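Here's the structure we're looking at; comments come further down.
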Amino acid sequence: MTKEFIPAVTASAEQSLHEALAAFDFGAPVVGAARYGHGHVNDTFCVHTQPPEDGCGCFILQRISAAAFKRPDQVMANIIGVTEYLGKKIEAAGGDRSREALKVLRTRDGQISYTDSLGGVWRVFPFIRDVRCYQSAETPELFAASGRAFGRFQRLLDGYPAGTLYETIPHFHDTEDRLAKLKAAVAADPLGRAGHCGAEISFALEREKDCSVALDAQRRGVLPLRVTHNDTKLNNVLIDKTSGRGICVIDLDTVMPGLSINDFGDSIRFGANHCAEDETDLSRVSVDLELFARYTSAFLEGAGGILTPAEIEYLPWGARLMTLECGIRFLTDYLEGDVYFRTSRPGQNLDRTRTQFKLVADMEDRWEELAAAVRAAAGR
Ligand code: ADP
Ligand code: GN1
Ligand code: MG
């Protein structure tokens with residue numbers, strides 16, 4: 001697919017919603033569309049249709065974030081490639097591809113996305129029913145189910161031709177580059193916010209060396225590049241209501257060549273604690289070792305032996321670095337005026353920064369315990 005570079009859109013998604021709804025073939029009249037989910041980046045709507053029989057139809061309609069993705073055509077090309085590959089693998093293993101893999105619904109003229117008159121790019125997936133999507137790990141079993149699903153996701157994509165994937169966000173998990181961008185934001189300080197986040201800025205700068213740990217290991221050939229998801233939050237896996245299994249990994253915009261330890265680590269960052277990303281009571285923020293251990297065992301089980309001993313050894317670094325990097329990203333966005341991550345109140349990105357840095361400090365304090373939990377899960 002070749003498409004022109006799409007300019008950034010600043011218009012609200014609601015402005016173009018009707019245009020987008022008219023562009024797709026939902027198979028029945030649309031009776032409603034409402035904002036849906038808790039994503040920080042894309043604009044997501046749930047669309048209901050009214051077929052003549054069989055209850056109502058349900059779809060996920062999304063406007064791809066122009067701030068995050070400069071080439072939505074490449075995002076969609078990756079998603080088509082990966083979902084078709086996963087679908088075939090799932091079918092071959094006797095699974096139900098309509099529930100275990102996303103499927104892209106075409107527009108009325110057969111395209112995989114629709115560009116509205118303001119430049120926003122939209123896509124649709126059939127809604128997977130009888131699932132739940134969690135914002136926090138309500139039970140260890142639930143968190144383990146997500147770990148198994150993300151481990152399995154990596155195993156299923158082990159043979160995928162990684163060279164055919166576009167890098168949808170260049171330097172996405174390049175922690176050195178993230179720190180460099182933070183330094184630039186501190187220097188520019190367009191809104192004069194740096195003055196009241198000196199402690200957070202120092203916290204990041206003091207960890208400059210850490211930012212190179214995984215990248216150095218990759219450069220030395222110790223950690224291999226794989227096809228990875230890169231955004232493995234608990235709310236990016238759908239959990240089957242009946243079985244409690246993590247059945248479908250969603251939010252495939254950032255599937256790219258990357259490090260397995262980052263997929264592991266981003267899940268730990270988001271899920272192995274008991275508070276929201278923007279919790280303001282920092283005394284509540286800490287890593288839950290039981291959740292950490294349960295996730296690790298399940299992730300390794302799902303990965304089914306594809307991970308190398310070095311990848312397993314570096315898993316705690318994945319957790320520490322994804323958390324540090326995410327804090328750096330929230331802080332950069334705070335300094336730049338909250339232009340990337342959606343916020344619903346002033347100071348939210350700074351609060352998010354603080355939770356991430358508190359988690360990093362906790363991981364540093366309990367480093368040996370994390371390493372021991374990984375060794376135990378790996379049977380060493
Ligand atoms: P974002 O990139 O903004 O996080 P997601 O692709 O993760 O967007 O979608 C947001 C939410 O929509 C998810 O957390 C999930 O609750 C729901 N969702 C997305 N795709 C589907 C689907 N195919 N079936 C059911 N729910 C979905
Ligand atoms: C964003 O899109 P969403 O909400 O699943 C972000 C992740 C961050 C996360 C922090 C494309 O994820 O990288 O870790 O917010 N996604 C992108 O909550 O930047
Ligand atoms: Mg998401």
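In listed order, ligands and their atoms are each counted from 1. One-based numbering along the sequence shown. The structure presented is a predicted model; accordingly, all values stated were derived computationally and were not measured.
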Side chain, backbone, both or neither: D251 near ligand 2, heavy atoms under 4.0 Å: side chain
Protein residue, atom and distance nearest to atom 8 (C) of ligand 2, heavy-atom basis: R329 NH1, 3.8 Å
F330 neighbourhood, listing ligand 2 atoms whose heavy-atom distance to it stays under 4.0 Å: 10 (C)
Atom pair OG1/CG of T343 and N349 - distance to nearest 0.5 Å: 6.0 Å
Minimal non-hydrogen separation, N78 against V255, with atom names: ND2-O, 3.4 Å
F264 ring center within less than 6.0 Å of Y295 ring center: yes
Inter- and intrachain pairs under side chain to side chain donor-acceptor pair (under 3.5 Å), touching residues 365-377, at least two apart: D362-R366
Option set V75, V41, I250, criterion heavy-atom distance to atom 2 (O) of ligand 2, minimum: V41
Hydrophobic cluster identity match, L215 and V213, side-chain contacts under 4.5 Å: no
Test item: L350 and H196 side chains (from C-beta on) under 4.5 Å apart, heavy atoms: yes
T44: which of R63, Q62, R35 passes side chain to side chain donor-acceptor pair (under 3.5 Å): Q62
Closest non-hydrogen atom pair between A137 and F143, with its separation: CB-CB, 3.7 Å
Contact check, R269 vs ligand 2, heavy-atom distance below 4.0 Å: yes
Carboxylate-amine/guanidinium contact R123 D253, below 4.0 Å: yes
Heavy atom of the protein closest to atom 4 (O) of ligand 2 (residue, atom name, distance): H40 N, 2.8 Å
Mutual orientation of the aromatic rings belonging to F357 and F203 [parallel < 30°, tilted 30-60°, perpendicular > 60°]: parallel
Option set D231, T168, T323, N230, criterion heavy-atom distance to atom 7 (C) of ligand 2, minimum: D231
For G39, atoms of ligand 2 separated by under 4.0 Å from a heavy atom: 4 (O)
R352 NZ/CZ over F330 ring centroid, <6.0 Å and within 45° of normal: yes
Under 2.8 Å from the Mg ion (ligand 3) - protein N/O/S, by chain and number: N236 OD1, D251 OD2
Proximal atoms of ligand 2 relative to K233 (non-hydrogen, under 4.0 Å): 3 (P), 4 (O), 5 (O), 9 (C), 10 (C), 12 (O), 15 (O), 18 (O)
Heteroatom proximity flag, N42 to ligand 2, N/O under 3.5 Å: no
Per-atom contacts, ligand 2 versus F69 - under 4.0 Å to a heavy atom: 11 (C)
Ring-ring centroid check Y36 F45, cutoff 6.0 Å: no
4.0 Å heavy-atom contact, D253 with ligand 2: no
Within reach of ligand 2, part of F270 (heavy-atom separation under 4.0 Å): neither
Exam field: side chain K183 to backbone L179, donor-acceptor pair closer than 3.5 Å: no
Nitrogen or oxygen atoms of Y340 and ligand 2 under 3.5 Å apart: yes
Within 45° cone and under 6.0 Å: R148 NZ/CZ vs F299 ring: no
Linked, directly or transitively: L359 and M322 (ILVMFWY side chains, under 4.5 Å): no
Among E277, Q356, M322, closest by any non-hydrogen atom to atom 10 (C) of ligand 2: E277
For residues 218-227, which side-chain N or O atoms pair as donor and acceptor with protein atoms under 3.5 Å away, sequence neighbours left out?
from	atom 1	to	atom 2	distance (Å)
R219	NE	D216	OD1	3.4
R219	NH1	E176	OE1	3.3
R219	NH2	E176	OE2	2.7
R219	NH2	D216	OD1	2.8
R226	NE	E311	OE1	3.4
R226	NE	E311	OE2	2.8
R226	NH1	D158	OD1	3.2
R226	NH2	I306	O	2.8
R226	NH2	E311	OE1	2.8

Ring centre gap for F59 and F125 strictly below 6.0 Å: no
Would you mind listing each N/O atom of ligand 1 next to any protein N/O under 3.5 Å, plus the distance?
from	atom 1	to	atom 2	distance (Å)
ligand 1	2 (O)	N42	ND2	3.1
ligand 1	2 (O)	D251	OD1	3.1
ligand 1	2 (O)	D251	OD2	2.9
ligand 1	3 (O)	N42	N	3.3
ligand 1	4 (O)	D251	OD2	2.9
ligand 1	6 (O)	Q62	NE2	2.9
ligand 1	7 (O)	N236	OD1	3.0
ligand 1	7 (O)	D251	OD2	3.1
ligand 1	8 (O)	Q62	NE2	3.1
ligand 1	9 (O)	Q62	NE2	3.2
ligand 1	14 (O)	N235	O	3.1
ligand 1	23 (N)	P126	O	3.2
ligand 1	24 (N)	I128	N	2.9

